[in-house]
Structures are given as structure tokens and as C-alpha cells.
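Everything numeric here is computed off the predicted structure, so don't read it as measured data.
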Amino acid sequence: MSFLERTFQLRDRGTNVQTEVLAGATTFLTMAYIVLVNPAILSTTGMPLAGVAAATCLAAGIGCLLMGFLANYPIALAPGMGLNAYFAFTVVGAMGVPWQTALGLVFISGVLFILLTVAGVRQLIVNAIPRALFSAIAAGIGLFIAFIGLRGAGVVVDNPATLVTLGEVKAPTTQLALLGLAILSVLMVLKVRGAIFIGIVATAVLGWILGLATWKPEPYSLEQMTGTALKLDIPAALDIGGGTIGLALLEILFVFLFVDLFDNVGTLVAVSKKAGLMQPDGTIPRLNRILFADAGATVVGSLAGTSTVVSYIESASGVSAGGRTGLTAIVTGLLFLATLFVAPWAQVIPAAATAPALILVGGMMMAPLTEIDWDDPVVAIPAFLTLITIPLTFSIANGLAFGVIAYAVLKLASRRIARADWLLFALAALFVARFVYMAVEG
């Protein structure tokens with residue numbers, strides 16, 4: 001007990017071991033759905049589903065342990081929703097990058113995260129981006145995720161005349177997905193802990209009972225669990241776009257960096273406020289250690305075979321249960337590592353069971369929109385462009401570009417320019433150059 005007290009300052013933060021263990025278990029239950037959803041998304045690239053599931057558990061487990069021991073914060077980490085969709089549907093799907101090369105890009109981004117944290121650049125970028133764009137990007141990614149879920153459920157389908165339209169609602173798999181959506185919604189309304197995870201499992205069971213799910217059992221082996229481990233291709237990643245400074249390479253790394261930054265900042269502010277850990281001046285203690293934990297987990301995740309690791313807002317559920325120290329995160333991490341041994345069985349979950357989770361997780365990401373001043377056009381127009389272009393262009397990068405460029409232009413037009421805005425204008429210039437290059441190449 002003296003070791004735990006000395007390491008985590010339990011008494012100083014008004015907590016105890018029992019409370020921290022309960023809080024860690026609560027956080028795990030609320031975000032355990034990622035063990036099922038992340039493999040469902042990344043396996044669309046051709047990655048072995050069981051391998052991705054194991055990598056998800058490993059990356060989340062080690063990330064939580066790093067956060068607990070390095071930063072002593074009750075914040076859990078796992079592969080990020082939104083970034084996994086960008087990895088699968090944009091980098092691999094639209095750009096045609098092999099998944100091994102994409103993992104190499106995740107590794108490079110993790111190393112860059114570490115270097116930029118040491119140099120203080122990540123903190124500088126955070127301060128340069130207007131908070132309204134933080135909120136718009138988070139919500140835009142939510143719409144992106146929900147759109148993917150609606151497509152996976154068969155509710156939204158392609159249409160040559162209108163681009164999208166309502167799918168065949170009478171299709172059995174679509175009806176199963178809609179039933180799953182109802183189950184998850186009711187569980188969330190009733191505030192059941194682990195509602196998303198329980199809802200996915202319940203929908204999957206119904207799918208099996210009704211004969212709507214199929215799965216060819218394979219031997220449970222170490223080979224399955226390591227199907228994506230150390231498969232990253234760093235040399236190929238560095239050669240994307242014609243050399244180490246290829247535009248495609250920079251664009252992908254840029255998105256990985258920014259979305260990870262926004263995810264972390266939003267989560268850190270929300271959880272720190274809820275836990276009473278934020279300083280009176282609004283600063284977050286041990287911010288560098290938190291960012292180091294995040295970057296280290298991303299490097300581990302890329303080696304194991306999954307997309308960028310981020311802080312999870314579901315950590316707030318553990319804080320609500322009394323979690324105040326890194327011991328909460330460590331308990332969550334240990335539970336993820338324990339789940340590693342059953343991770344390959346994630347493939348028994350049909351897509352119709354995970355699609356409702358994507359829809360609702362995306363919906364829950366709309367909350368930050370209330371933080372935007374919609375009466376101020378200088379803020380509202382860039383925020384709206386960011387929000388709408390992310391799902392409609394199927395690209396987080398495009399949403400970032402439209403938002404940053406619009407904000408810079410409107411700042412100039414309204415003469416609301418400050419000396420500290422130089423980095424914002426530099427980023428806008430880079431995005432303009434990107435569009436010019438795309439137009440010339442096209």
C-alpha cells in the first residue's frame with residue numbers, strides 16, 4: 001500500500017485502491033467495444049481480423065499502463081475512432097496504400113509525435129488552432145463514423161442520381177442492424193454500464209440465433225494473434241509520393257498528427273475538469289508526460305498492427321466512479337491485456353452488430369458543437385465547412401483544409417489578426433498549396 005500511495009498519491013487526491021480499481025473496471029466496460037469495432041473497420045483493408053483484435057488489446061493495454069505510470073492520470077488509451085476510419089477508408093481504400101505501408105506511416109507519426117513533444121511543437125500547434133475548429137473536427141469525425149455505420153448497416157446505399165439513398169430496409173441484415181441500434185439506444189438511455197459493448201454482443205447473439213451470421217471457425221493459435229505484428233513497411237511509407245518529402249506522405253502524417261492532437265486535447269480538458277485536476281489558469285499538469293504516453297502507445301500500436309492510439313473520452317465514466325489517479329488507467333490497461341487472449345474470437349461478431357455502435361458513437365461526438373459561437377461568422381463558417389466536408393468528401397484531411405483556410409481568410413477580411421496567428425496562416429498556406437498541387441496533378 002505504501003508503494004501505491006507513494007506512486008499515485010491516492011490520499012492527496014481523495015481516493016483509495018478500491019475506488020480506483022472500480023473506476024478502472026468502469027472505464028474498461030465503457031470502451032471495450034473498441035476490441036470489436038476497430039478490427040471490423042481495419043479488416044476492410046485486408047488485414048487479418050484476429051490479428052487486429054489482438055493488436056487493439058495490446059496497444060490499449062500498454063497505452064493505459066504508460067499513461068498510469070508516466071503521467072498518473074485516470075485516462076485510458078486505445079486505437080482512435082475516426083483515425084481508424086481514415087486509415088482504412090482514405091489511406092488504404094481511396095489512396096490505394098497497402099496496409100503494411102499505412103502501418104509504417106503510423107509508426108513514423110508516432111516517432112514524430114515524440115520528437116515534436118520534446119521540441120514543444122505539439123503544444124505550439126494546439127495553441128495556434130482556434131478552439132471552434134477543435135469542436136467542428138470532433139463532430140465532423142463523428143458524422144464520418146456514423147455515415148460508415150449507416151453504410152455498413154445497409155441503411156444508406158449508393159444511388160447514381162442522388163449519390164446516396166435509403167437502402168433495403170426489409171433486408172434481414174439491415175433489420176438486424178436496426179434492431180441492434182434500438183437495443184444499444186435503450187441500454188444507453190437506461191445508463192447501463194458497458195451499454196455499447198453489451199449491445200454489440202446482444203445483437204450478435206440475435207444474429208446467430210436468426211441465422212444471419214456466418215463464421216468459419218479456425219484453430220485458436222499464436223499465428224492468428226500475430227497476423228499483423230511487425231508487418232509494417234517503413235521504407236515503403238517513406239517513399240510515398242516520390243521520396244521522403246512526398247506530398248501524400250506529408251498529408252497523411254499531417255492528418256494523423258492533427259486529429260490525434262485534437263482528440264487528446266479535448267479528452268484531457270474534459271477529463272481533467274471532471275476529475276478536478278486542471279489548474280486554476282486552465283493548464284493541464286504534466287501535459288508533456290501525457291503526450292509522451294500517447295506517442296509511445298502509437299508506436300507500440302503500429303508495431304502490433306493497428307492505427308493511431310488516442311486518449312478516450314470514455315475515461316470520464318471512470319472519473320465519475322471516483323477515479324482520480326493513474327491507478328485507474330492501469331487497471332483498465334490490465335483488463336485490456338487480459339482480453340488479448342480471447343481477442344481472435346472478435347470475428348464471430350457480424351458487421352450488422354458493430355454498425356449500430358458506429359452510428360451511436362458518431363452521434364455522441366456531436367456534443368462539442370454546442371461550444372461553437374454560431375452567431376460569429378468568422379467562427380461559424382469555418383466550423384461549418386469543416387463539419388460538412390469531412391463526411392461528404394470522405395476525408396478528414398479535406399475538412400481540416402477547408403476549416404483552416406476559411407478561418408485564415410475570414411481573419412484577414414475582418415482584420416482580426418494577432419501576432420500569434422502566424423502559424424495558423426502558415427498552415428493555411430500549406431493547405432492551399434496542397435489543393436493547387438491536386439488541381440495540377442488532376
Side-chain angles (χ1 to χ4, degrees), residues 80 82-83 85-86 90-91 94-95 105 109 112-113 116 120-144 241 245-266 269 308 310 365-366 368-369 371-374 376-442:
L83 279 172
Y86 177 72
T90 301
V91 178
M95 300 175 70
L105 288 164
S109 69
L112 283 176
F113 292 165
L116 292 175
V121 176
R122 290 179 83 182
Q123 299 87 319
L124 190 66
I125 292 174
V126 167
N127 294 329
I129 302 299
R131 294 302 181 264
L133 288 189
F134 277 31
S135 302
I137 290 166
I141 292 173
L143 289 176
F144 187 26
I245 57 171
L247 185 65
L249 169 64
L250 292 178
E251 176 183 321
I252 295 168
L253 292 177
F254 191 72
V255 171
F256 281 159
L257 169 67
F258 267 69
V259 177
D260 183 56
L261 272 175
F262 297 154
D263 272 357
N264 275 295
V265 170
V269 170
T308 307
V310 303
M365 294 175 71
M366 296 297 103
L369 291 178
E371 301 169 6
I372 298 173
D373 183 2
W374 294 104
D376 182 357
V378 174
V379 172
I381 293 173
F384 172 73
L385 290 174
T386 300
L387 174 70
I388 200 70
T389 52
I390 288 178
L392 293 187
T393 65
F394 229 65
S395 170
I396 298 171
N398 289 337
L400 278 168
F402 273 89
V404 170
I405 293 171
Y407 196 80
V409 169
L410 294 177
K411 288 273 281 188
L412 281 172
S414 62
R415 299 181 181 180
R416 288 160 55 174
I417 305 172
R419 185 183 297 267
D421 290 332
W422 69 268
L423 183 54
L424 173 68
F425 288 105
L427 294 174
L430 287 174
F431 276 128
V432 170
R434 168 181 178 265
F435 283 128
V436 171
Y437 176 83
M438 290 168 64
V440 172
E441 288 295 305

Could you tell me which non-hydrogen atom of S414 sits nearest to which non-hydrogen atom of V378, and how far apart they are? OG-CG2, 3.9 Å

Can you give me the closest heavy-atom contact between P382 and P377, atom names plus distance? CD-O, 3.7 Å

Would L412 and F425 count as a side-chain contact (heavy atoms from CB on, under 4.5 Å) here? Give the steps. CA-CA 10 Å; L412 281 172; F425 288 105; 3.6 Å; yes

Please report the interatomic distance CG(L424) to NZ(K411), rounded to the nearest 0.5 Å. 7.0 Å

Distance in Å, N398 CG paired with T386 OG1, rounded so as to fall on 0.5 Å steps: 11.0 Å

Say you draw a straight line from CD1 of I390 to CG of L385; how long is it, rounded to the nearest 0.5 Å? 11.0 Å

Taking atom CG of L410 and atom CZ of R415, what is their separation to the nearest 0.5 Å? 14.5 Å

Identify the heavy atoms of A132 and V379 that sit nearest to each other, and give their distance. CB-CG1, 3.2 Å

What are the two closest non-hydrogen atoms of A136 and I372, and how far apart are they? N-CD1, 4.0 Å

Under a 4.5 Å cut-off applied to non-hydrogen side-chain atoms, are L143 and M366 in contact? yes

Looking at W374 and I381, would you say the former's side chain and the latter's main chain have a donor-acceptor pair under 3.5 Å? no

Under the criterion side-chain contact (heavy atoms from CB on, under 4.5 Å), I'd like the reasoning laid out for F113 against T308: C-alpha separation, chi angles, the key distance, then a yes or no. CA-CA 11 Å; F113 292 165; T308 307; 4.2 Å; yes

Considering all heavy atoms, the nearest Y86-F144 contact: N-CE2, 4.3 Å

Applying salt bridge (Lys or Arg N to Asp or Glu O under 4.0 Å), which residue pairs with at least one partner in residues 378-398 are found, sequence neighbours left out? none

How close do S135 and P368 get, heavy atom to heavy atom, and via which atoms? CB-O, 3.3 Å

